[in-house]
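To keep things clear, I will list the structure first and then write my remarks on it.
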Amino acid sequence: MVEVVSSSKFDELFQPSWALDHFTYEGELLKLKLDNFSGAGFQSKSKYMYGTVTVQIKLIEGDSAGTVTAFYMSSEGPTHNEFDFEFLGNTTGEPYSIQTNVFVNGEGNREQRLNLWFDPTKDFHKYSLLWTPRQVVFMVDETPIREHTNLEHRGIPFPKDQAMGVYSSIWNADDWATQGGRVKTDWSHAPFVASYKGFEIDACECPVSTATAADNMKRCGSALPTMSELSLHQNHQLMWVRANHLVYDYCTDTSRFPTIPAECVHHRH
Ligand SMILES: *[C@@H]1O[C@H](CO)[C@@H](O)[C@H](O)[C@H]1NC(C)=O
């Protein structure tokens, strides 16, 4: 692969984007804090096209209701593309939820939600995004939880030609995040802390100013990660996750989408 970067160190790949005073560094650990003054966020120094991005996160312990911790890739502008992991907090003892979303040409509304098969506040777990010209795969500890396939041959747009940055942030979203917004953030339990380590970007780096989208696609398309399709085992894992842990899928929400979204008709999952 060309110009692939890989590091487990925060500083080499990322920089804080807001609320520097809500960052704490403890050896290899980075902690982001949310309190009633501010959340916090960071972003990659570079933009990328295709590859795998992984971070290990230990989510907010105890009462995390009303909070959202996000890890995502996004391009810029009104027709941006975006692949989101949003970790929705909950009251003590109730399950954290993972919401994923895919934006294509500025349009989202492709939410899926699942409750995990482990407690993500007890230990670090790996959250990864795999992006190739053929699909976007969301993974938790290497288990695929969502696959968004390229269906351009059916006339359905796919996020393919915009370089993306990598981002994470923590903020208050108690108007919607927990139990539909019914449970509010209890600030007496602040600060809410999410911990990070093991930053890995194995992706094709795009020089921001010089190259055109076509240049980037050509160069990065030839530098693809070897794993560009799910194995049979991973397909089985994805089916298991969907059968046992999925709690919401926009594809089956007929009250919101009386006409089934085009890609849902063709996606196997
Ligand atoms: C929070 O816990 C409730 C009750 O167990 C559950 O229905 C919900 O899916 C959980 N997640 C969120 C984000 O509300």
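We count ligands from 1, going down the list as the structure has it; atoms in each ligand are counted the same way. It should be emphasised that the depicted structure is a prediction, and the values quoted were computed from it without experimental measurement. In what follows, residues are counted from 1 in the order of the sequence shown.
By the 3.5 Å distance cut-off applied to N or O atoms, S97 is counted among the residues near ligand 1.
Distance screen at 4.0 Å: atom 2 (O) of ligand 1 has a protein heavy-atom neighbour inside the cut-off.
Of the two cysteines examined, C204 and C220, the SG atoms meet the criterion of being under 2.5 Å apart.
Within the 4.0 Å heavy-atom criterion, the part of A177 lying near ligand 1 is the backbone and not the side chain. Only the side chain of N115 comes within 4.0 Å of ligand 1, counting heavy atoms alone; its backbone N, CA, C and O stay farther away.
Using the six-membered ring where Trp is involved, F158 and H148 have ring planes that are parallel, under 30° apart on the 30 and 60° scheme.
When only non-hydrogen protein atoms are considered, atom 5 (O) of ligand 1 lies nearest to E94 OE1, 2.5 Å. Here the protein heavy atom with the shortest distance to atom 14 (O) of ligand 1 is Q179 N, 2.7 Å. N90 ND2, 3.8 Å is the protein heavy atom nearest to atom 8 (C) of ligand 1.
Two rings, from F103 and F83, have their centers 6.0 Å or more apart. When ring centroids are compared, W171 and W18 stay outside the 6.0 Å threshold. Remark: aromatic rings of F71 and F87 are distant, center separation not under 6.0 Å.
Cation-pi contact between K31 and F23: absent, since separation from the ring centre below 6.0 Å together with deviation from the ring axis within 45° is not met.
The atoms of ligand 1 that sit less than 4.0 Å from any heavy atom of P95 are 1 (C), 2 (O), 5 (O), 10 (C), 11 (N).
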